[in-house]
Protein chains: 2
Amino acid sequence: MTSTPAKNNATCPHDKRVSCGNCRLNTICLPITFHVDDIDRLNDIIQRGRPLQKGEYLYRANDTFQSVFAIRSGAVKALTLSDSGSEQITGFYLPGEVVGMDGIADNRYTNSVIALETSSVCEIPFSRMEDLSLQIPSLQRHFFQLLSREITQDQHIIALLSKSSAETRIAALLLSISSRNSRRQLSATQFHLPMSRTDMGNFLGLTIETVSRIFSRLQKQGVLAVDKKEITILDLPALTTLSTENH
Amino acid sequence: MTSTPAKNNATCPHDKRVSCGNCRLNTICLPITFHVDDIDRLNDIIQRGRPLQKGEYLYRANDTFQSVFAIRSGAVKALTLSDSGSEQITGFYLPGEVVGMDGIADNRYTNSVIALETSSVCEIPFSRMEDLSLQIPSLQRHFFQLLSREITQDQHIIALLSKSSAETRIAALLLSISSRNSRRQLSATQFHLPMSRTDMGNFLGLTIETVSRIFSRLQKQGVLAVDKKEITILDLPALTTLSTENH
DNA sequence: CGTACCTTTGACTCGTGTCAACAATGGTGG
DNA sequence: CCACCATTGTTGACACGAGTCAAAGGTACG
């Protein structure tokens, strides 16, 4: 609500005066085959609010589903409340990625989504997107692919959790973040972890102590340099080997 | 290819002379809001081949994606080959459920699907389904929901694998099968497991020995009666409690 | 500058995996 | 129809990886 009517195209990633046409991430979250005026039509239905602060909810489990959200900057976590009441993180989402698709099935979200750091998102009202999809076949195709990609990623995680040791899980998570960073033209070997050790452990099915011990061990072995949440991958091949070992 | 041109509406679930209009499962795999002639249009694009025998592949990982498949009878398992080469089962699919949606993202399947017993499937060519979806909004909506439901189910499994003990995992799997059976008007407390102990263990991230021991223990406790693959749930509340305990 | 939270490290415990032997099952061919 | 063999499931003894409990060190924020 602060009125700063300056017209300069700010480079701040949280800036809300951005359109899909000039968004750095549009090759990630939009299909490449889009025509310019189709991009404009999509852009018209997208809403951009103020950035979320760390810890703020984007939406909560059981909220009525209305939109999916593309992360433009920052990072968020999605989590379910298990039947027993405890939180289970089901995924981390970085810029260019889309959350909220769990809500389509029953018209209410099954996850809650919380910002891990200051984050801005593009809200895509789903019913308007559906209408548009009927007119733009490549948009329909794109959303089918987005949903499908979420399925394959979740199944990757299932495979990871089902079979592998603590070390393998952590290696795989680090490599996942690494490759998603490099897709955004960021360093694949040096980056900031947006989540806490607790969140990593929760997601990977490990205790925080185990996460901490593995980090220490990988550091002693010269595979990683860890400084708080700043990670440097020193031996990428070694980490890759670790991530593919099962048990 | 055997020509038995009899016109009687056979009750054999593997019979291929079935249309969506008269399929017992259509309330599960089709949206309720369908008009009769829309059902006919969908039915026209669906292909029904000969049943799969136990152990046969429906498709293999890396095959070019062309269709999704509704299970009409029997049961199948989906599995990925992990980087290290070992198989990881990512799900079991029962009649009325749809497999193959992992292939949409990159136009090739990431899973292989194998019949657990003699099974018949309805093949839905995806590009024709997409075309039809542009004309029938409720069909587009239905497929978004199907994909979304797969996501929420996979995330359930992530939560299960991430947090819970061997006993909880097995209880949850049994209850999942139980509820899916009752959705098909079958008994919720007495049923045949389509998969081997090995498959259960693989899926749940447990060894076959552990699966076996848990079954024995639950039987001693009077929660289950187990006779080979025939399961009788004797104490549903107890099993439910077990399935919601985390660790 | 103090308080609250997060992370690290150590000692010990426990659940599940591993290894091994054996039983039961089911399919095949004589 | 039965005997054989391969496959699958069961049970036991033991080992080990990760959880638990506890304490101390760091870090961030008011």
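Both backbone and side-chain heavy atoms feed into the values below; hydrogens, waters and symmetry mates do not. Computed from a prediction, not measured in an experiment: that's the story for all the values here. Below, chains carry the letters A, B, ... as their sequence lines are ordered, and counting in each starts from 1.
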From CD1 of B/Ile214 across to P of D/dG12 the rounded distance in Å is 15 Å
Listed by chain and number, what are the side chain to side chain donor-acceptor pair (under 3.5 Å) partners of A/Tyr93, not counting sequence neighbours? A/Glu150
In whole Å, what is the span from the CG atom of A/Leu161 to the P atom of D/dA18? 13 Å
For the side chain of B/Lys229, starting at C-beta, report the closest nucleotide among D/dA18, D/dG9, C/dT16. D/dG9
Please enumerate all residues that pass side-chain contact (heavy atoms from CB on, under 4.5 Å) together with A/Thr90, with sequence neighbours excluded. A/Ala78, A/Thr80, A/Asn111, B/Gln155
Can you tell me the distance, in whole Å, between the NZ atom of A/Lys163 and the C1' atom of C/dG17? 15 Å
Taking CD from B/Gln219 and C1' from D/dT10, how many angstroms apart are they, rounded to a whole number? 11 Å
Starting at CD1 of B/Ile231 and ending at P of D/dG9, how long is that distance when rounded to a whole Å? 12 Å
How many whole angstroms separate atom CG of A/Leu204 from atom P of D/dG17? 19 Å
What nucleic acid atoms does A/Gly201 come within less than 4.0 Å of, heavy atoms only: base, sugar-phosphate, or nothing? nothing
Please table the atom pairs, donor to acceptor, closer than 3.5 Å between any side-chain atom in residues 220-239 of chain B and protein atoms at least two apart or in another chain.
| unit_1 | atom_1 | unit_2 | atom_2 | d |
| --- | --- | --- | --- | --- |
| B/Glu230 | OE2 | B/His192 | ND1 | 2.6 |
| B/Asp235 | OD1 | B/Ala238 | N | 3.1 |

In whole angstroms, the gap separating C1' of D/dG9 from CG of B/Asn202 amounts to 16 Å
Please give, in whole Å, the distance from D/dG17 P to A/Ile170 CD1? 15 Å
Just to verify, which of A/Ile89, A/Val211, A/Leu193 counts as forming a side-chain contact (heavy atoms from CB on, under 4.5 Å) with A/Asp199? A/Ile89
Give each protein N/O atom lying under 3.5 Å from an N/O atom of nucleotides 8-11 of chain C, with the pair distance.
| unit_1 | atom_1 | unit_2 | atom_2 | d |
| --- | --- | --- | --- | --- |
| C/dT8 | OP1 | A/Arg197 | NH2 | 3.4 |
| C/dT8 | OP2 | A/Arg197 | NE | 3.1 |
| C/dT8 | OP2 | A/Ser212 | OG | 2.8 |
| C/dT8 | O5' | A/Ser212 | OG | 3.0 |
| C/dT9 | OP2 | A/Ser216 | OG | 2.3 |
| C/dG10 | N7 | A/Arg213 | NH1 | 2.9 |

Taking only the side-chain nitrogens and oxygens of A/Thr207, find out if one of them lies under 4.0 Å from OP1 or OP2 of D/dG19. yes
Could you note down all residue pairs passing ring-ring contact (aromatic ring centres under 6.0 Å, His included) where residues 146-177 of chain A supplies at least one of them, sequence neighbours left out? none
Using distance only, find each side-chain donor-acceptor pair of residues 63-70 of chain B under 3.5 Å and give its atom names and separation, not counting sequence neighbours.
| unit_1 | atom_1 | unit_2 | atom_2 | d |
| --- | --- | --- | --- | --- |
| B/Asp63 | OD2 | B/Arg60 | N | 2.9 |
| B/Ser67 | OG | B/Glu123 | OE2 | 2.8 |

Taking all atoms of both residues into account, what is the closest heavy-atom pair of A/Arg217 and A/Glu167, and its distance? NH1-OE2, 2.9 Å
